[in-house]
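A quick write-up on the structure given underneath.
Predicted model only: the values in this text are computed from it and were never measured.
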Amino acid sequence: QVQLVESGGGLVQAGGSLRLSCAASGRTFSDYAMGWFRQAPGKEREFVAAINWSGGRTYYADSVKGRFTISRDNAKNTVYLQMNSLKPEDTAVYYCGGTDYYSDLKRQNKYAYWGQGTQVTVSS
């Protein structure tokens with residue numbers, strides 16, 4: 001079993017930056033891929049970014065490409081989401097997920113493990 005705990009959310013002005021962290025425990029961290037998803041009020045949860053087990057492959061939603069960077073530190077059992085040039089439309093609850101799959105990392109039904117989420121609010 002895997003436990004995931006997100007942190008780093010908060011309130012930021014448009015154009016600002018935040019870094020989210022997701023700490024994992026329960027299994028060898030480098031055994032599985034990780035992803036970030038978000039859910040805005042009244043909307044379905046959507047894919048943001050994903051990273052393979054080694055950190056050598058990353059994937060992004062078009063809406064965040066060039067602004068967000070996903071990374072992982074397997075020694076610290078942590079995955080990060082660096083968010084720059086934030087926009088009001090980035091406001092959402094951000095969730096990290098863990099998956100044993102090596103492909104289709106943009107699909108949330110591939111993820112068996114989820115954190116509780118962290119709120120990100122971007123003011124205009």
Side-chain angles (χ1 to χ4, degrees):
Q1 192 66 290
V2 172
Q3 293 78 43
L4 302 173
V5 179
E6 301 97 335
S7 61
L11 173 64
V12 64
Q13 287 188 333
S17 299
L18 281 175
R19 188 176 81 155
L20 305 183
S21 299
C22 174
S25 61
R27 274 181 54 192
T28 302
F29 186 58
S30 58
D31 281 351
Y32 49 95
M34 296 292 294
W36 286 97
F37 293 75
R38 67 186 182 186
Q39 187 167 20
K43 295 187 177 181
E44 294 187 353
R45 189 158 56 182
E46 65 176 4
F47 169 76
V48 176
I51 189 167
N52 75 333
W53 67 273
S54 68
R57 289 184 180 268
T58 57
Y59 310 86
Y60 295 95
D62 288 343
S63 59
V64 306
K65 203 170 293 184
R67 299 188 298 122
F68 290 10
T69 302
I70 188 171
S71 62
R72 66 188 295 161
D73 186 336
N74 287 345
K76 295 183 177 180
N77 294 347
T78 302
V79 63
Y80 304 97
L81 185 69
Q82 178 66 44
M83 306 185 295
N84 298 329
S85 302
L86 283 161
K87 304 175 181 180
E89 50 263 45
D90 294 318
T91 295
V93 177
Y94 283 70
Y95 299 89
C96 68
T99 176
D100 291 315
Y101 285 88
Y102 291 92
S103 61
D104 289 339
L105 297 184
K106 296 182 179 182
R107 299 178 61 178
Q108 57 181 303
N109 63 1
K110 298 295 186 180
Y111 291 75
Y113 314 113
W114 292 98
Q116 82 289 350
T118 186
Q119 177 71 47
V120 171
T121 303
V122 184
S123 63
S124 57

Quick one: list whatever passes side chain to side chain donor-acceptor pair (under 3.5 Å) with Gln39, sequence neighbours left out. none
Look up atom OG in Ser124 and atom CD in Gln13, then write down how far apart they are to the nearest 0.5 Å. 9.5 Å
To the nearest 0.5 Å, atom CD1 of Ile51 lies from atom SG of Cys96 at 12.5 Å
Once rounded to the nearest 0.5 Å, what's the spacing between atom CG of Asp31 and atom CG of Asp100? 8.0 Å
So, Glu6 side chain and Gln116 main chain: donor-acceptor pair closer than 3.5 Å or not? yes
Of all heavy-atom pairs between Leu11 and Ser123, which one has the smallest distance, and what is that distance? CD1-CB, 4.4 Å
Give the cluster check for Val64 versus Leu105: same hydrophobic cluster or not, with ILVMFWY residues linked at side-chain heavy-atom distances below 4.5 Å. no
Identify the residue among Arg38, Arg45, Gln119 that makes a side-chain hydrogen bond (donor to acceptor under 3.5 Å, both in side chains) with Tyr94. Arg38
What are the two closest heavy atoms between Leu81 and Ala49, and how far apart are they? CD1-CB, 4.1 Å
Output all residues satisfying ring-ring contact (aromatic ring centres under 6.0 Å, His included) with Tyr32, sequence neighbours left out; order by chain, then residue number. Phe29
Distance col, row Gln82:CD vs Ile70:CD1, nearest 0.5 angstrom, shows 12.0 Å
Suppose we screen for side chain to side chain donor-acceptor pair (under 3.5 Å). Which residues come up paired with Arg67, at least two apart in sequence or across chains? Asp90
Would you check if there is a donor-acceptor pair between the side chains of Arg107 and Tyr101 at a distance under 3.5 Å? no
For Phe37, check ring-ring contact (aromatic ring centres under 6.0 Å, His included) against everything at least two apart and list the hits. Phe47, Tyr111, Trp114
With a 3.5 Å distance limit and no angle check, can you tell me whether Thr99 reaches the backbone of Lys110 through a side-chain donor-acceptor pair? yes
Do the side chain of Thr91 and the main chain of Val122 share a donor and acceptor less than 3.5 angstrom apart? yes
Are the side chains of Leu4 and Met34 in touch, meaning some heavy atoms are under 4.5 Å apart? yes
Out of curiosity, does Trp36 fall in the hydrophobic cluster containing Tyr95 (side-chain heavy atoms, cut-off under 4.5 Å, transitive links)? no
Would you please name every residue forming a side chain to side chain donor-acceptor pair (under 3.5 Å) with Lys65, sequence neighbours left out? Asp62
Taking atom CG of Asn77 and atom CD of Gln3, what is their separation to the nearest 0.5 Å? 11.5 Å
So which atom in Ala14 and which in Pro88 form the shortest heavy-atom distance, rounded to 0.1 Å? CB-CD, 4.1 Å
What is the distance from atom OG of Ser103 to atom CG of Asn52, rounded to the nearest 0.5 Å? 11.5 Å
Distance-minimising heavy-atom pair for Gly9 and Leu20: N-CD2, 3.6 Å
For the pair Asn74 (side chain) and Trp53 (backbone), establish whether a donor and an acceptor sit closer than 3.5 Å, ignoring hydrogens and angles. yes
Residue pairs passing the ring-ring contact (aromatic ring centres under 6.0 Å, His included) test with at least one member in residues 54-86, sequence neighbours excluded, are none
